[in-house]
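All residue numbers in this chain count up from 1 along the given sequence.
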Amino acid sequence: MSSELQNIKNRFGIIGNFPALNRALEKSIQVAPTDISVLVIGESGVGKEFIPKIIHSESKRKHQPYIVVNCGAIPEGTIDSELFGHEKGAFTGATATRKGYFEVADGGTIFLDEVGELPLQTQVRLLRVLESGEFMKVGSSQVQKTNVRIVAATNVNMMKAIHDGRFREDLFYRLNTVQIDMPALRERKGDIHLLFRKFAIDFAEKYRMPELELDSSAIQYIESYAFPGNVRQLRNLVEQMTVVERERNVTVAKLAEYIPMDAHLPMVVNNVQNHQKQTDFGNEREIMYKILFDMRNDLNDLKSLTSELIKNRGTADLSNQEKNLINRIYTPETQQTANANSLLYFENNNNNNQNHQNIQNPTIISNSDDSYEDFEDIEVEENTPESLSLQNNEKDLIIKALEKHNGRRNRAADELGISQRTLYRKIKQYNLEE
């Protein structure tokens, strides 16, 4: 690194050795002695404001005015007056003649921040200043001259803004004589810890408190965070933690309270060096919970459907929604396994090889008596090998549930998803009384 570049970093408090950052600073130093217009491109919070300061301080205009104008913060109705001035009586409230920034900064430098937010009418005026150095105050017909160096910056995608008709293409190329790109903080991972230490020292001195320190795991964590707000976000983070936290040694757990990882950002797991991808649910237990909840919802839907069919003795026409529900739950591949783990039994009179999408009116096999009060108790009574197998599976499920809960029937019923009354009937049916 050249001594000149290091001097610039020291003077302006710029921390970092990322090549793209060094290149941006070097270009600033190179163009400073000229009057070329410069456009600084970069995301919000990357430190674009340092570039025009460097350019102005290293130019022959350094003893002349340096004015910063935030184009996005000035209302559209008054921005022309702010930039170019106005005559007395030019509009309501114009009680006196006023000089604009271009007149005040004559001989110096104007930094137009967020230039992509300029109204189209103002863009026309700015283009004229760039091409000829001429402008007119609002409400005046007299042409005035100014000698101003313009440095602009934006976080807007300028080519898209031009395509959408929000920015003039000729003004863009006039401003973009030299383009300087400022890298995002997430691209400067090696600089993140350096910046943290710099801010920690500054705020410790400002608030007269011991400085914050990151442990090794916290360093890896913070360097894996994407920092959508870039350097500004990191600076605010350090200031907040300096004031709020009593413990000066910052761990991963404490850091995660301020900048938690989420699905859109790189995730640090147990071994941050492996950079393994985090699943949507975090671990297998949460995945299993989701599957069980989905199965429970399907079971509740089927209970509701079965109840309606039993009330109508199985003769009611099924709606498309009900058909889709049956087809979704009982497919040819999963029908037997689903029946084996459920207390709801359906039997299809059609051939087993028939496509499940052709199921129209499945036959519901129920108890021989006419009592339909307990809609959960729907059984297959035919002594076919399939029905016997299903009954054995059901019996095994009840035995396991009772053993698991030491004979407490209320707990077993809850686990099986049936009422205590139904469980009592099943126990009597399978002679499971002690």
Side-chain angles (χ1 to χ4, degrees), residues 8-25 27-28 38-57 66-74 111-117 151-158 179-207 209 211-214 218-245 250 254-262 264-266 268:
I8 289 293
K9 288 184 176 181
N10 294 338
R11 194 195 313 173
F12 292 94
I14 299 174
I15 303 296
N17 296 309
F18 188 63
L21 175 64
N22 290 340
R23 178 57 181 157
L25 299 178
K27 289 179 71 174
S28 302
V38 177
L39 180 62
V40 186
I41 303 291
E43 297 178 8
S44 179
V46 297
K48 298 187 294 293
E49 66 276 6
F50 287 107
I51 301 300
K53 290 180 180 178
I54 294 172
I55 291 175
H56 179 71
S57 66
Y66 172 75
I67 295 180
V68 179
V69 182
N70 189 334
C71 301
I74 303 175
F111 172 40
L112 298 177
D113 197 11
E114 304 300 340
V115 71
E117 305 297 332
V151 180
T154 183
N155 60 2
V156 175
N157 185 331
M158 298 300 286
Q179 178 173 316
I180 297 179
D181 298 291
M182 290 292 287
L185 184 57
R186 62 178 172 273
E187 301 172 4
R188 304 166 50 191
K189 294 188 180 298
D191 294 341
I192 293 177
H193 186 216
L194 293 175
L195 286 165
F196 186 97
R197 291 177 57 189
K198 169 65 166 56
F199 294 144
I201 294 172
D202 291 346
F203 290 123
E205 181 179 353
K206 177 179 179 181
Y207 297 111
M209 303 175 70
E211 66 183 77
L212 298 173
E213 293 184 1
L214 299 174
I219 293 173
Q220 292 176 327
Y221 184 95
I222 200 172
E223 288 181 347
S224 299
Y225 185 71
F227 281 103
N230 293 290
V231 179
R232 183 184 295 120
Q233 181 185 3
L234 177 59
R235 184 181 185 277
N236 293 342
L237 167 69
V238 178
E239 183 173 17
Q240 181 183 6
M241 294 186 71
T242 299
V243 175
V244 174
E245 294 301 323
V250 181
K254 183 57 64 177
L255 201 57
E257 294 179 9
Y258 291 87
I259 49 172
M261 298 290 183
D262 59 34
H264 303 91
L265 303 176
V268 179

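- The two residues Ser57 and Arg11 come nearest to each other via the heavy atoms OG-NH1, 3.5 Å.
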Set out, in order, the CA-CA distance, both residues' side-chain angles and the distance that settles side-chain contact (heavy atoms from CB on, under 4.5 Å) for Asn155 and Met182, then state yes or no.
CA-CA 10 Å; Asn155 60 2; Met182 290 292 287; over 6 Å; no

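- Crowding of Glu257 atom CD: a count of heavy atoms from other residues, nucleotides or ligands under 6.0 Å exceeding 12.
- Among all heavy-atom pairs drawn from Thr154 and Leu39, the shortest one is CG2-CD1, 4.3 Å.
- Atom CD of Glu211 is separated from atom OG1 of Thr242 by 9.0 Å, given to the nearest 0.5 angstrom.
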Does the pair Tyr258 and Val244 meet the rule for a side-chain contact (heavy atoms from CB on, under 4.5 Å), with working shown?
CA-CA 11 Å; Tyr258 291 87; Val244 174; 3.6 Å; yes

Given side-chain contact (heavy atoms from CB on, under 4.5 Å), test Phe203 with Met209 step by step and report yes or no.
CA-CA 8 Å; Phe203 290 123; Met209 303 175 70; over 6 Å; no

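- Without hydrogens or angle criteria, Asn230 side chain to Arg232 main chain gives no donor-acceptor distance under 3.5 Å.
- Distance CZ/Arg188 to CG/Leu21: 4.5 Å, rounded to 0.5 Å.
- Heavy atoms only, all atoms of each residue included: Glu239 and Lys206 are closest at OE2-NZ, 3.8 Å.
- Glu49 has its side chain out of reach of Val68: every pair of non-hydrogen atoms, C-beta onward, lies at least 4.5 Å apart.
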So Glu117 and Val156, side-chain contact (heavy atoms from CB on, under 4.5 Å) or not? Walk me through it.
CA-CA 8 Å; Glu117 305 297 332; Val156 175; 3.7 Å; yes

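- Taking the side chain as every heavy atom from C-beta outward, Phe196 and Leu212 approach each other to under 4.5 Å.
- Side-chain contact between Leu214 and His193 is present, with at least one heavy-atom pair separated by less than 4.5 Å.
- For the pair Ile192 and Phe227, the minimum side-chain heavy-atom distance is below 4.5 Å.
- Taking CG of Leu195 as the start and CG of Leu237 as the end, the distance is 12.0 Å to the nearest 0.5 Å.
- Here Tyr66 contributes atom OH and Lys53 contributes atom NZ; the two are 6.0 Å apart, rounded to the nearest 0.5 Å.
- Ile180 and Ala24 get closest at one heavy-atom pair: CG2-CB, 3.7 Å.
- With hydrogens and angles ignored, the 3.5 Å screen pairs a side-chain donor or acceptor of Asp191 with a backbone N or O of Asn17.
- In this structure, Lys27 contributes its side chain and Gln179 its backbone to a donor-acceptor pair below 3.5 Å.
- Between the CD1 atom in Ile14 and the CD1 atom in Ile54 there is a gap of 4.0 Å [rounded to 0.5 Å].
- Between Arg186 and Glu43 there is a side-chain heavy-atom pair separated by less than 4.5 Å.
- Closest non-hydrogen pair, Cys71 versus Val115, comes out as SG-CA, 4.2 Å.
- Taken to the nearest 0.5 Å, the CG atom of Leu25 stands 5.5 Å off from the CD1 atom of Ile51.
- With respect to Tyr225, the side chain to side chain contact (heavy atoms under 4.5 Å, CB included) criterion is satisfied by exactly one of Ile259, Leu255, Leu234: Ile259.
- Taking both residues in full, the closest heavy atoms of Val151 and Pro52 are given as CG1-CB, 3.8 Å, listed atom of the first, atom of the second, then distance.
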